[in-house]
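The chain is numbered in sequence order, starting from 1. Values below: every heavy atom of this structure, side chains too, minus hydrogens, waters and symmetry copies. Please read these numbers as outputs of a predicted model, since none were measured by experiment.
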Amino acid sequence: MLDLLIKNVNLSSGEKNVDIAVSAGKITAIDQQINAQAIREIQANGQLATAPFVDSHFHMDSALSLGQPRLNRSGTLLEGIAVWGELKPTLTVESIKQRALQLCKWSIARGTLAIRSHVDISDDRLLAVDALLEVRHEMKDYIDLQLVAFPQDGFLRYPKAEQNLLRALDKGVDVVGGIPHFERTMAEGAASIRRLCEIASERGLLVDMHCDESDDPMSRHIETLAYETQRQGLQGRVTGSHLTSMHSMDNYYVSKLLPLIKEAQVHVVANPLINITLQGRSDSYPKRRGMTQVPEMLAAGINVAFGHDCVMDPWYSFGTHDMLDVAHMGLHVAQMTGVEQMQQAFSAITENAAKVMHLANYGLKVGANADIVILETGSAIEALQLRPERLYVIRRGKVIASTAPKQCQLHLEGISEPVSFSKGLF
């Protein structure tokens, strides 16, 4: 007997009206008309089933801290960093942990079951590290939480950054982080990349650097990151996050840069909501969009994912950790409105992001973990159009969240009928 049988779902790949069989937390079959007994059966009626959403770039230590100790009045990146610096001395393990646990509940409700969170190690107490390690342990049955040791105040610029980063890794943080564009000089930025990649190589770890989060086309640390990835033999294990300076680079230089990123197998994470909010602030008009060159990198064969980055914190006053909102904004900003491009935008918050995190047994395929989200819509593109309800969120074959279908009752003259938002045009 099966543990779970999901009947009549559509898949993001385009397959329609298939059944999914689950036993012992794994997907055991995906086929037409599976006839078997199951402890639980879900009739999906042609709704979309997808692997869980993945947020490959987030800051859980600052999430839901909006207004503490004050609001970011200018809305700029630098004032956000200043506000966070003012909050850090008052932080406690418990305060960070409670905000993070609340965020995890939001994430589960929206079908996001894997998160890579950068955690600030420019606090000698490492309170955020301790708090998020506890959250990772407490939520491990529900969310794959991967932590990045992030030197917010600069790896070389902050005197104890290397010491703190090594301590964080010793405690169990998963990934080596960096922020080369925040160092004092371009040379120090390059030196920080070199040392951080050496640490990752020595310890056999992944790398994810905030890189070139700037409007300056001469901020070219991604070039150094691709080089050091090759030098240290880290191909496929390194991610460059943001890369917003690429939105201002000339086409000739980018034509050289893209093959270097591809050759080094560096993953890229763009953060549409934050990139278009924080970048281009010094422009009058024309005003730059601020997001990196997503379609161009995808066309070059580079793995590109989208991240949420922030939710209600010093840098971003909005967000509910809905990855469909992220992809929806991303395809608008990148002008990815072709049919294949919209599918790519959906992949940027699912399979592409899973590759960034090196998630094992991810996806809707036989033998993978039975982590499944059923949405109130029929296709991936409709999901982007409508950002529908997550009817069922399933983790290892067990329903861990469910939501009633969304419906509005009209009360118009001569008309009284429900309006459903579950179907688009795809």
Check whether any side-chain N or O of T229 sits under 3.5 Å from a backbone N or O of L225 as a donor-acceptor pair, and report yes or no.
-> yes

Separation of T50 OG1 from L375 CG (nearest 0.5 Å) | 7.0 Å

Taking all atoms of both residues into account, what is the closest heavy-atom pair of S56 and A305, and its distance?
-> OG-CB, 3.5 Å

Above 12 or not: heavy atoms from other molecules or residues under 6.0 Å from CD of Q409?
-> yes

Is it the case that Q47 and E376 place a side-chain donor and acceptor less than 3.5 Å from each other?
-> no

In plain terms, say whether R231 and E228 are close enough for a salt bridge, that is, a side-chain N and a carboxylate O under 4.0 Å apart.
-> yes

Test item: T28 side-chain N/O and A21 main-chain N/O as donor-acceptor pair under 3.5 Å | yes

Heavy atoms from other residues, nucleotides or ligands near NZ of K287 exceed 12 (cutoff 6.0 Å) | yes

With D153, which residues qualify under side chain to side chain contact (heavy atoms under 4.5 Å, CB included), at least two apart?
-> K88, S122, Y158

Would you give the length of the straight line joining atom CG of L196 to atom CG of L205, rounded to the nearest 0.5 angstrom?
-> 11.5 Å

Heavy-atom side-chain contact between I222 and I261 under 4.5 Å = yes

Do H181 and H242 make the cut of ring centroids closer than 6.0 angstrom?
-> no

Does Y362 use its side chain to pair, donor to acceptor, with the backbone of K355 at less than 3.5 Å?
-> no

Just checking, any donor-acceptor pair under 3.5 angstrom between side chains of Q98 and E94?
-> yes

Between A270 and V294, the two heavy atoms sitting closest are CB-CG2, 3.9 Å

Would you call E134-K171 a salt bridge at under 4.0 Å N-O?
-> no

Between H267 and N303, does any side-chain donor sit less than 3.5 Å from a side-chain acceptor?
-> yes

Distance only, no hydrogens: is a donor on one side chain within 3.5 Å (strictly under) of an acceptor on the other, for D215 and H247?
-> yes

Looking only at heavy atoms, what is the nearest atom pair of V266 and A226, with distance?
-> CG2-CA, 4.2 Å

Check whether any side-chain heavy atom of W315 lies under 4.5 Å from a side-chain heavy atom of H59, and answer yes or no.
-> no

Please name the pair of heavy atoms, one in P314 and one in N72, separated by the smallest distance, quoted to 0.1 Å.
-> O-ND2, 2.9 Å

Give a yes or no answer on whether the side chain of N369 reaches the backbone of R396 with a donor-acceptor pair at less than 3.5 Å.
-> no

With no hydrogens and no angle check, is any side-chain donor or acceptor of D283 less than 3.5 Å from a backbone partner on R288?
-> yes

Rounded to the nearest 0.5 Å, how far apart are NZ of K97 and CG of L91?
-> 15.5 Å

R125 side-chain N/O to T92 backbone N/O, donor-acceptor pair under 3.5 Å = no

By side chain to side chain contact (heavy atoms under 4.5 Å, CB included), A348 pairs with (sequence neighbours left out) F306

Would a 4.5 Å heavy-atom cut-off, applied to side chains only, mark T239 and V268 as touching?
-> no

Exam field: side chain S379 to backbone S12, donor-acceptor pair closer than 3.5 Å | no

Where the side chain of R167 meets the backbone of I121, is there a donor-acceptor pair that is under 3.5 Å apart?
-> no

Does any non-hydrogen side-chain atom of V119 lie less than 4.5 Å from one of M60?
-> no

Quick check: are there more than 12 heavy atoms from other residues, nucleotides or ligands sitting under 6.0 Å from NZ of K398?
-> no

State, yes or no, whether a side-chain contact exists between P69 and T90 at a heavy-atom distance under 4.5 Å.
-> no

Is there a donor in the side chain of D120 and an acceptor in the side chain of W84, or the other way round, less than 3.5 Å apart?
-> yes

Check: L243 main-chain N/O paired with T292 side-chain donor or acceptor under 3.5 Å = yes

Measure the OG1-CG distance between T350 and L364 for me, rounded to the nearest 0.5 Å.
-> 9.5 Å

Got a salt bridge between R195 and E162, using NZ or NE/NH1/NH2 to carboxylate O under 4.0 Å?
-> yes

For atom CE of M336, is the number of surrounding heavy atoms from other residues, nucleotides or ligands below 6.0 Å larger than 12?
-> yes

Would you say the side-chain atoms of D55 and H321 include a donor-acceptor pair closer than 3.5 Å?
-> yes

Hey, does H221 have a side-chain heavy atom less than 4.5 Å from the side chain of M209?
-> no

Check the angle between the aromatic planes of H118 and H57 and answer parallel, tilted or perpendicular using the 30° and 60° thresholds.
-> tilted

With side-chain hydrogen bond (donor to acceptor under 3.5 Å, both in side chains) as the test, would you mind laying out the steps for S65 and S62 before giving the verdict?
-> CA-CA 6 Å; S65 65; S62 62; 5.2 Å; no

Nearest heavy-atom neighbours spanning I108 and Y142 | CD1-CB, 3.8 Å

Side chains of P151 and N164 in contact at under 4.5 Å (non-hydrogen atoms) | no

Candidate pair D144 and R395, rule salt bridge (charged side-chain N to carboxylate O under 4.0 Å, His left out), full reasoning | CA-CA 11 Å; D144 294 308; R395 172 79 167 181; 3.2 Å; yes

Do other residues, nucleotides or ligands put more than 12 heavy atoms under 6.0 Å from the OH atom of Y253?
-> yes

Is S117 close to L147 at the side-chain level, that is, under 4.5 Å between some pair of heavy atoms?
-> yes

Minimum heavy-atom distance between D61 and L132, given as atom pair plus value = N-CD1, 4.0 Å

Can T403 and E389 be counted as having a side-chain donor-acceptor contact under 3.5 angstrom?
-> no

Using the ring of F182 (Phe, Tyr or Trp, six-membered ring only), decide whether R157 places NZ or CZ under 6.0 Å from its centre and within 45 degrees of its axis.
-> yes

Considering only NZ, NE, NH1 and NH2 on the basic side and carboxylate oxygens on the acidic side, decide whether D208 and R116 come within less than 4.0 Å.
-> yes

Between R289 (side chain) and V333 (backbone), is there a donor-acceptor pair under 3.5 Å?
-> yes

Apply salt bridge (charged side-chain N to carboxylate O under 4.0 Å, His left out) to the pair R390 and D322, showing each step before the final yes or no.
-> CA-CA 10 Å; R390 279 35 34 136; D322 188 338; 3.0 Å; yes

